[in-house]
Every structure is written in structure tokens, then in C-alpha cells.
Amino acid sequence: MFKKAKSNVNFAELEKEILSFWKTNDIFQLSLKQREGNEEFVFYDGPPFATGLPHYGHLLAGTIKDVVPRYQTMCGKYVDRVFGWDCHGLPVENEMEKELNITSKHEIEEYGVDKFNEACRGIVQRYTSEWETVVKRIGRWVDFENGYRTMDKSYMESIWWVFKQLWDKKLIYEGHKILPYCPRCATPLSNFEANQGYREVSDPSITIRFKLKDQENTYILAWTTTPWTLPSNLALALGKDIDYVMVQDGDEKYILAKDRLDVYYKKDSLPAIIKEYKGSELRDYRYKPLFPYFEELEDQGAFKIIIGDFVSTQDGTGIVHIAPGFGEDDALAGKRNNIPSVCPIDAECRFTEEIPEFKGQFVKKADHDIIDHLKRKSILVHKTKYLHNYPHCWRCESPLIYRAISTWFVNVESIKDQLLKCNEQISWMPAHIKNGRFGKWLSNAHDWAISRNRYWGCPLPIWKNEDSGETICVGSIAELKQLSKKEVNDIHKHFIDYIEIKSKSGAIFKRVPEVLDCWFESGSMPYAQKHYPFNNREWLDSHFPADFIAEGLDQTRGWFYTLVVIGGALFEKPPFKNVIVNGLILAEDGRKMSKRLKNYPAPDYIMDKYGADALRLCLLSSAVMRGEDLRFSEKTVKEIIRSVMLPMWNSYSFFVTYAAVDNWVPELTLEELQENLNNPLDHWIISQLYKLTAAVKLNMDEYNLQAAAICFAEFIDNLTNWYIRRSRRRFWKSQNDSDKNEAYHTLYFTLITFCKTTAPFIPFITESIYRNLKTPSMPESVHLADFPILPVTFSDKDLDGKMSRAIRAVSLGRYLRSQSGIRTRQPLSSVFLVSISRDVRDDLDSMKDVIAEELNVKNVVIDENEERLVNLSAKANFKKLGPELGKDMKHAASSITNLDHLEIDELREGKTIELSLANETIISITLDDIEICREEKAGFMAANESDITVALDFTLTETLKLEGFAREIVNRIQNMRKDLNLDVTDRILINYTGPIMIQKVIHEFNSYIMGETLATSINKSEKNDHMETFMIDDHECCFAVEKS
RNA sequence: GGGCGUAUAGCUCAGCUGGUUAGAGUGCGUCCCUGAUAAGGACGAGGUCCCAGGUUCAAGUCCUGGUACGCCCA
């Protein structure tokens, strides 16, 4: 016996009950246990930063990370799901600094690195309970208890192992490189960190003049947006093929790009051009340094004109000031031209004593003073503001400085081919990421700067002898113990910086101060999460690469990249086989979601109001599953409630209502049922069910979650608005005949199978429905069931076609009724279904009953003589004729349009017709070469769509009219039943008053009315207060209904 | 400046390898139906398929060049 379902369901409440059911009964654990020993489906969970609360992006990725494992589990796989936390790095340090009211590295060291790091350790778990709450609320099943943390000793030791592997493969080196550097955090950032903070800023844009040596009053005009780099200027770069001019401006001569003249001079006062050159002609010209600080470097090749391919005439003067210590182009050009490099700034980007005039000033702040200085010396010729995108520190928002830094690198460029090969083996969703965004990024990969001059992170396991520069790389804690002869329990910076290694010769090695980029740590996750290879040595053989990972588009240069670099370098394999890359969730206004702007509804609010299922399905049905942006709005969640959740619930509620009335229980299996189906409606919905399950499986196996999810609404629509609508009466028949039993079975299995199919997507509502519908022999949770794979014999394409023709005929009939103004409740004598096609006629004939009932007509007349109702014309079949005729196509099309009725008939009889075209070509055509168009004849009540024409006989006989009245009366009484909240099985007593006409109807259709409304009596009485008054056509009548 | 993606109805989006009235849902208007439904059905209005060239008998679809937006990198 099934419990009745609440008709006013509250999904959020229902979900909370399900959550507690899962928890109490340990369903997640059971779902794993049930598959123990089966083939594994390996999933890696990318660790979020342990600081900050989860937002929609996390919910989205979390949903994907839930749907796929649930599906794979239902398909029989064992899917371990372990949560992870990214605990190290600047995000945490930053949070701690704020809390300690500290703003510089200097202050951290004063405070004490040990205290600082321990404080960091203390706060990383601050939000874990909030995370757990939200992740669980959205319905995600994942193991929190055994989650990995990048700060755990075991995890860190594996990182050392990874590092040592790279070291042994000679993929780690120390180098100087121009890197984005945060002056506040006093650390270089990786390039992909730098770009997280691009923002439009206004910088000074100045043009300055460099006096050429050996030439009277002649200046080169150069341009820069970083005045503070001018003291470090060591060269000027020109484009080889760019045209430059020397112009006379008063007493002075200036050199600049020809294309830039009109920017510096007004059109009507262009200066005289004295000379023109290509850039290459000016190579090696020498100029006088602007500042005296590095004058001596002239002997080493500085202060001359060089050629650079990066020079353009887009901005400035077409002449670029080169400070090799402060720009990637600059450094490279300097190296090529044997120009030395200077970098006169300290760790916090303040000028050193090399620049005495500005010593101690933060470089960006010194811009102003430097400009002033240049002005006084008459070096400055032009000054304005320049708006451009400039990178900022992604944590503290300081503008970054590009500067030469000593850094440890992974030599990614040397293994690039390897990595590209790995990428070939990865299947990306959406596919274009593979050779697009990710592939392109990989082919342009630079060496990866992995050291950070910070504190809270996994230390680089490198010990260095200051004098000789020799280095030792340590690959494990045991190795460190052995080399140092010290006890080691924790390998965070503040524990191991004091540990020294003494070589046999007595040389002392000290650890280098840097810690690792936290992306190196998360990229080591496949190994470190299980403390590989120190533990679980064999584990990796069967758990690498992962079958599946999923993260956002922003991880292209993040986790996806670091996983591939490390996996590729270590094992020459891609670390994952399939990846879903989700897009960004934007606010409804198309902008980023912003707490400050409050331009989006909080996830809690959405889940409390509509439930997690609706939110999940809303996300899963959208193109955000294919890496596109989603404008999220409450409306789209509501739409899911309307189109899927409610109709699904109502179908279920309908079923249990009647099953309870009849005490119905299933006796057959799905297979037995399928073999014994008689009613075409049942056959049809089972066939639709087959189509649904097959489509969901196909799309899930291709990781196309969106395509799978959008199938649900269509199925639900077919179920509610055709199957149940047309089958409704089959459930009321008072006797348990076999058709009724068949209907019950069909709807029952349809609901259960639908639940199983959609359970990975909407785990709550499906669980709730399934739990009520299941028989004792079925698993206690839908998530312990197998994903339904229906035998192909369930599919009946023939019937699908028949039904869709019937639906089309009905829709045409409804159209005719709406045109004529005769409502469906008014029975009509006949509908004419006309088609020239025998197949169509046969199909419609087999669906006669369904059509008659739906259109409320007494007779269905099938006919082939469509020409009585429609005019025929012909149109070329472009797809077929186009390739054959080529240029003649246009002429043929117009000749075909002119075919008359008789010619069309000839073609339909199978004859071939010769057409002579306007250009005198003769072609012969058959029926296949044309498409027949039909247009309803004026004056006839007919409607046509392709090969079906429908006409209705609108003649109303007295009997039909009376029956129409009877149905009106039934309708009014049913509405009253509903208003009284009567149960579907309640019997009623009817009293009425009305004119003679109504009395006649009630007399004649007495048993019909009573049967339809479950009335035990219907009596004429005096009008009283309990009665409701209705107008039926022009007849006023009153009814009173009470429960008998 | 470069890479990748997107651009179709008021809104959210479908549209397969090019084929002739460009679709759905929602919103709006009118009508209809209801022993499950918070629903449902029918019809109507609403489109220079971002722009400009090109290829082709035929372009929303392919090519080239632009524009706008998003993300990423300089």
C-alpha cells in the first residue's frame, strides 16, 4: 500500500527529511559498500581554498562532482569520493595578516615566523563546518572525514617526493627571470596568478628626450608609462622596419616614428622633416644617460639604440625605453644585445642607495618626483594619463611590478611536447578547450616559477651551501633525518629552517628560504592525497590517471595545468582522462556576482525556497555545463519547479491517490508487463521511457550532462499532458478490469524508472518518490538501485510515429474548435481525418478512440480525398534537386511552383514529368523531387499540417446540444467539488433549480451526470443560500453540493 | 596587442554534415480545458539570425574582415 502524497508539497522540507534519512541510514556508505570489489571509477576532487565560504561556483562544480559519481555508482562502479582542502599559500597568510594587523613581511618576521605559521594553521579549518553544511545541503555525497589537507605531514612529504622526482629528471633550476612581483607581499607571483587581478588603471604616460651623442641638439623621443624605471634605463629600442623621421622643432631636432608625428604635432603645424630612416639604420647610435647612476655601464654596452621586434607604432613614439631589470621584453632584448641589467630596488620595491636621490621611496610613489626631476632638467617633453589594464596582486590588490628575481623554476618548456601528447589523451567537455584554450596555453607554456618568498607553505626541499653554491634536494622526511641527524616531526618552514646538513667534507648546507607555489601542492594531489609512494604504493597503479575531474574554466591555467605538468613530467601520462569544464555563473544583470552589489540571491535562500534539486537541475540543464557563462536568476530555478518538479510530483501524487483508493499493488515485473501490454497508450509511454533512459545514458557516458538533463522536461510533458491526461479515466473505472490494472502497472513502472534515471541529478525528490513506491524486495534507497537499462524491445518507433500523428491531428482539431468558437465541452458528431497517404490513414485509424475522446466527437471519419478540403501546390525539394541541377536549380524551382493540380496528381500516381525550364533545359522529375504544399480551401472548416488535414462537422443537433449542456453542468459541479476540497472518492448529494431546459437535460442525462460527479442523488429544490448560481448559455441555474 | 569563447523573439536559449514560412520555453493578449496539477491546451502579436564583404543554384549555418561582450594571456 502506498502512502498518499501531499498535494501541497514543500520541496525544501522534503529534502531535509531525505537528508536525515541518508544520514541515519548511512546510505552514502552503503552505496559505496554495495559496489566494493567492482571496477573502480576514479575521481579526483580539486581542493578549494580553506579560506572563504562556498559560492555558486563551488555549488556548480560540486553538483557536477556529485552527478557523475552517482551515475557511475548506479552503473555498477565503485566511486571513491574524498574531499580535499588547499590549506597553504597567500590566501591564508593574507587572512592572518589582516587579523594580526600586519602589512609586510618585515612585520611577520618580527612577529615570529613560527608564531605566524602556527596561527595560519589555526585558521585554515575555520570554515570547514560551513562548507560541510552547504556541500551536504546541495546533496553532494563526498567523504569529509578522510579528506586530504595540503598541510598534513604526509601530504607535504609526498610533495617533496614529487619535487625530488622533478629534480632528478633535471627539471628544476634556479634562474633569474622577470616576474610579476607583489611589492606588498614581497613575493613573485606566477604568471597565472598575476592575471587574476587585471584591472583598468590610469598611469602617467610621459615622453622624454634622450640626447644623441656626437650630434648637435638631436634627441630621440621615447615613451613610457613607468617613469620609475627610467633611472634603470640602459637602452632604447626601435623597430627594424618602422619608418622614423628626424624633424626640426625650433632649435632642436627630434627623432620619432613617422606614424606618430600627428600624435605629437597638430596637423596644421607639422614640423619640417629633415631626414627619414628605417629603424635598422639607427642601430648602435649612442645617447647620453638621463641619470648619472649607471654611467659606468656605458663601457659594457649600455646607452645605445637596439632593435626589438616588440616595438610598434601603436602607442608613444615608436621608440621604447629599455630597462632590462624591469620587463620581459626588456630583459630579453638586453640579453641579445649584451646589455647588462640593473635592479636598484629592495624586496618591498623601494629604491636602494644606488639611486641616492630617491632612496627608500616606493617606486610607484616615486613616479611623481621623477617626473618633476625630468621636467626641471628639460628632459620631459610631454605628459598625460594612460588608461590600460594592469595586473594587480590577486590577494592584496597592489599593482604588480615586473622585475628580475631569483626564482626556482620547473623547466616546462623542455617537456612541452610530452605535455601536448598527454593532452591528446584527455577528453574535454566542451571539446574546444582541448586544442583551444588549454592546448594553446600549453603550446605557449613558459617555465613555471614555483618558489614563493613566503612562509605558510610547503618548503622547497633544497639545502644549499652558500660558499660553493652546491645544492642537495631532499625527497623524504627520512632522508632529511638521515642527512641532518636530527629528529623531524613537522616540515613546515619554521621547523626545518634551523636544520642544517653537514657534508662529508664538513661543508654546511642551509635550506633555501622559499616555499612552494600552492598550485604545485594541489597539482601533486593525485599522489599526495594517499601519501604516495611512502604508503599505498600499489594504489596508484589502479588510481592514476583519474577517470574524471571537474572544475571551472578558471582552472585552465590553474589546477588542470599543474596536474598535467606534474603528471606528464613524472609518468608521461595525463593525470585525468575526462574533464568537465564549467563556465562562470554571472548575476542576472550579466555582471559578476558581487556581494557588495547584492545582485544575486543567496544560495541558502534559493535552496530554502525551491530546494536543492531545483537548483541542481537548473544548473545542470544550462550551457554552463559546456563552459559557457550562465546568467543566473531565480526565474530559471522557478522554471525548473514548474516544468519538471511539480508535474513530476503531481504525476506521482495522482498515481498514489488512485492506487490507495483501489488498494493496488504491483504483481508483475516490468518485463512481464511489457510483454502483456494491450493499450497503445501504455505501449507508447514505455517506448518513450526507453528513449529517455537511452538518451540519458548516452549523454552521461559522453559527459554531456546538459544534454541528459534537458531530456527530462520533454518526457514529463509527454507523461502528464498526454499519457495521464488520456489515461485518467482508466484509473476511475469502478471495476478492476485488466485495462485498469495495466494502466496502474504502466504508470507505476514509469514513475520508478523515471526516478532511477533522474536520481543522480535530482537525488531528493526521486528518493522520496521511490521510497514510497518501492516494494520490500527493492533496495531501500533509489541511490542503491541500478541505472535502468531497458531492453530495446521496449522501443516501438512505429507507435511513436502513430502517436505523434494522433497528437498532431488532435492539435489541428483543437485549432478548428478555437476558430469556430465551439468549445471542447460541446460534443460534435464527426471529425474528418484526411490524408492521401495510406500509412497516415492507417496510423490515425489505430488511434481513433484517443482522438475521438480528446476532441469530444462521436465519430472519426478517415478519408483520402484531401482535395475537397485543401488546394494543392508544389515546391521543389531543394535538398534533393540542388546537387543534381546546380545552376538550373532556380529555374527548376519556379517551374515546379507552377505545376498545376493535374500534374501533381500525375506525379503522385508515380509518373515522371518532363519540365522545360526558362533557359530551355529539359529535366524530368518524379514525386521525390517535389514537396506538396496544402492550403485550406476558404469556406471549409479545415486545418492542415503537412500530410494531415482535419475537418470538423459543426452541425449541432438537439441531442448534441443537450449533451453539451449536460457536460456544462458536470463541469460546474466538479468545480464545486473541488472548492469543497472533497476527496476523489466522496459521494455527493446535488440540489438544483433551473428553467425547464435544464430540468430536461438533467432528466435525460441523469445517470451520466451522477456517474461523472459521483452523486448519489440529484434533486430539484427551492433556491437557498447554499446554492451557487451559474449561467449556462442564457439559462440561469443554481446548484448545491454536499457530501453524502 | 594575442588566444579562446559568445552574439538568433522583450527575456533564457535550441537550430545536426549549407536546402526555402528560423524553432522552444518564458513574458504579453485572446479563447479553451480540468476527479492529479501551484497546472494544462489553442491561437495571436513579437526576428535586418551583430555588421560588411565573399564562396555557392542556395548561407542563421562555410570563408575573410570588422564590432560588442565574457574569460584568459601580454
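Throughout, protein chains are lettered first and strands after them, A, B, ... in sequence-line order, and every chain is numbered starting at 1.
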Tell me every residue that passes salt bridge (charged side-chain N to carboxylate O under 4.0 Å, His left out) with A:Glu13, counting only those two or more places apart in sequence or in another chain.
none

RNA chain B base-pair string [pairs: Watson-Crick or G-U under 3.5 Å; |: paired with another strand]
(((((((..((((.....[...)))).(((((.......))))).....(((((..]....)))))))))))).

Phosphate-side-chain proximity, A:Arg825 and B:C33, N/O vs OP1/OP2 below 4.0 Å:
yes

Listed pairs, N/O of protein and of nucleotides 10-12 of chain B, under 3.5 Å:
| from | atom 1 | to | atom 2 | distance (Å) |
| --- | --- | --- | --- | --- |
| B:U12 | OP1 | A:Arg631 | NH1 | 3.2 |

Sequence-aligned protein contact record of nucleotides 39-47 of chain B, with B where the base is within under 4.0 Å of a protein heavy atom and S where only the sugar-phosphate is:
SSSSS----

Could you pull out all donor-acceptor pairs under 3.5 Å where a side-chain atom in residues 428-440 of chain A meets a protein atom, sequence neighbours excluded?
| from | atom 1 | to | atom 2 | distance (Å) |
| --- | --- | --- | --- | --- |
| A:Trp428 | NE1 | A:Asn423 | OD1 | 2.9 |
| A:Lys434 | NZ | A:Glu424 | O | 2.8 |
| A:Lys434 | NZ | A:Ile426 | O | 3.0 |

Partner set under salt bridge (charged side-chain N to carboxylate O under 4.0 Å, His left out) for A:Arg626, not counting sequence neighbours:
A:Glu628

Which pairs of donor and acceptor atoms, one on a side chain in residues 887-895 of chain A, lie under 3.5 Å apart (sequence neighbours left out)?
| from | atom 1 | to | atom 2 | distance (Å) |
| --- | --- | --- | --- | --- |
| A:Asp888 | OD1 | A:Asn919 | ND2 | 3.0 |
| A:Ser894 | OG | A:His891 | O | 3.1 |
| A:Ser895 | OG | A:His891 | O | 3.2 |

Please tabulate, one pair per line, each protein N/O and nucleotide N/O from nucleotides 17-22 of chain B that are separated by under 3.5 Å, including the distance.
| from | atom 1 | to | atom 2 | distance (Å) |
| --- | --- | --- | --- | --- |
| B:U21 | OP1 | A:Lys875 | NZ | 2.9 |

Within less than 4.0 Å of OP1 or OP2 of B:A14, is there a side-chain N or O belonging to A:Arg626?
yes

Show each protein N/O and nucleotides 63-70 of chain B N/O combination with a separation under 3.5 Å, one pair to a line.
| from | atom 1 | to | atom 2 | distance (Å) |
| --- | --- | --- | --- | --- |
| B:G70 | O2' | A:Asp629 | OD2 | 2.7 |

Applying ring-ring contact (aromatic ring centres under 6.0 Å, His included) to A:Phe715 and not counting sequence neighbours gives A:Phe754

Can you identify which nucleotide, out of B:A36, B:C33, B:G25, has its nearest atom closest to the A:Glu639 side chain?
B:G25

Hits for salt bridge (charged side-chain N to carboxylate O under 4.0 Å, His left out) against A:Lys609, two or more places apart or cross-chain, chain-then-number order -> A:Glu634

Please list, chain by chain and in numerical order, all residues satisfying salt bridge (charged side-chain N to carboxylate O under 4.0 Å, His left out) with A:Arg642, sequence neighbours excluded.
A:Glu639

